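Scroll down for the structure; my scribbles are underneath it.
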Amino acid sequence: MALKRFSISLDNELLKRFDDIIKRKRYNNRSKVIADLIRNYLVEEEWKFEDRDSIGTINIVYDHHKRNLLNKLTEVQHKYHSQIVSDTHVHLDHNNCLEVIIVKGKTGIIKKVAEDIIKIKGIKFGKLSIATKGKEL
C-alpha cells in the first residue's frame, strides 16, 4: 500500500482538543486517528445506499417481564431469519436484559430489521450500529 502525505489547516483550539483526545485514547500519532476517522466516514456513506451488502449489530435493552415482548421479539427475528446471523443475550439484573443481534444483508433490509425490533413495545433502548465487510477499506 502506497502512502500519500497531505497537510491540513486547523484552528488552534480545535487542534488542541483533537490532540487531547489522541492522548486520552493513546494513539501513537495524528495520522492513525485521521485514517480511522476517514474510514468511519466512508462506512457511514456506504450505508446511505440501500442496496449494498452490509453488516451491523442491533443492540437492545428490555425488561423481559413485559407481557408479549419476548414473543414479538422472536416473531420479528424469525421473519428476518435470513438477515440475522446470531444474537447474544445478557442478563443485566433481575428485570433487564441486553441483546446484541448480528445482522447482514442489504443495507435497506438491515435498517428495516432494526426498526421493526426497536419499535416493539417494551424495548427500553435500541440502536443499530453500522459496520463494514472491509472490502473497500
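None of the values given here were measured: they were computed from a predicted structure.
Counting heavy atoms from C-beta on, the side chains of Leu128 and Trp47 come closer than 4.5 Å. Annotation: side chain of Lys127 is not in contact with side chain of Ile58 (no heavy-atom distance under 4.5 Å). You'll find the side chain of Val43 stays beyond 4.5 Å of the side chain of Asn40, heavy atoms only.
With hydrogens and angles disregarded, a donor-acceptor distance shorter than 3.5 Å links the side chain of Asn29 to the backbone of Lys32. Judged by distance alone, with hydrogens and angles left aside, the side-chain atoms of His78 form no donor-acceptor pair with the main-chain N or O of Glu75 at under 3.5 Å.
The pair Asp36-Arg39 meets the salt-bridge criterion, since a charged nitrogen lies less than 4.0 angstrom from a carboxylate oxygen. Looking at Lys48 and Glu45, a side-chain N of the basic residue comes within less than 4.0 Å of a carboxylate O on the acidic one, giving a salt bridge. Salt bridge absent: Asp53 and Lys104 never bring a charged side-chain N and a carboxylate O closer than 4.0 Å.
In the displayed structure, Asn12 atom CG is contacted under 6.0 Å by at most 12 heavy atoms of other residues, nucleotides or ligands. Counting non-hydrogen atoms of neighbouring residues, nucleotides and ligands closer than 6.0 angstrom, the NZ atom of Lys111 exceeds 12 such neighbours. The environment of NE2 in His81 is sparse: at most 12 heavy-atom neighbours from other residues, nucleotides or ligands sit within 6.0 Å.
In the hydrophobic cluster analysis, where Ile, Leu, Val, Met, Phe, Trp and Tyr join through side-chain heavy atoms closer than 4.5 angstrom, Ile117 is grouped apart from Leu98. Hydrophobic cluster membership differs between Ile101 and Phe125, with clusters built from Ile, Leu, Val, Met, Phe, Trp and Tyr side chains linked at under 4.5 angstrom. Linking ILVMFWY residues whenever their side-chain heavy atoms come closer than 4.5 Å, directly or via other members, leaves Ile21 and Leu14 in distinct clusters. Val100 is connected to Val90 through a chain of hydrophobic side-chain contacts under 4.5 Å among Ile, Leu, Val, Met, Phe, Trp and Tyr, so both are in one cluster. Phe6 is connected to Leu15 through a chain of hydrophobic side-chain contacts under 4.5 Å among Ile, Leu, Val, Met, Phe, Trp and Tyr, so both are in one cluster.
Nearest heavy atom pair, residue Arg30 against residue Phe18, reads CG-CE2, 4.2 Å. Heavy atoms only, all atoms of each residue included: Glu13 and Asp11 are closest at N-OD2, 2.9 Å. For the pair Asp63 and Leu69, the tightest heavy-atom approach, listed with the atom from each and the gap, is O-CD1, 4.4 Å.
Separation of atoms CG (Asp19) and CZ (Arg24) is listed at 12.0 Å; rounding is to 0.5 Å. Rounding to the nearest 0.5 Å places CD1 of Ile110 at 11.5 Å from CD1 of Ile102. Taken from OG1 in Thr107 to CD in Glu46, the straight-line distance is 7.0 Å, to the nearest 0.5 Å. Atom CD1 of Ile109 is separated from atom OH of Tyr80 by 8.5 Å, given to the nearest 0.5 angstrom. Going from atom CD of Gln83 over to atom CD of Gln77 covers 12.0 Å, rounded to the nearest 0.5 Å. The CD1 atom of Ile60 lies 9.5 Å from the SG atom of Cys97; values are rounded to the nearest 0.5 Å.
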Evaluate the criterion side-chain contact (heavy atoms from CB on, under 4.5 Å) for residue pair Val103 and Thr57; output intermediate values, then yes/no.
CA-CA 6 Å; Val103 290; Thr57 60; over 6 Å; no
Taking it one step at a time, do His64 and Glu99 satisfy side-chain contact (heavy atoms from CB on, under 4.5 Å)?
CA-CA 11 Å; His64 73 270; Glu99 199 151 328; over 6 Å; no
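The one candidate from His65, Lys66, Lys124 that meets the side-chain hydrogen bond (donor to acceptor under 3.5 Å, both in side chains) condition with Asn95 is His65.
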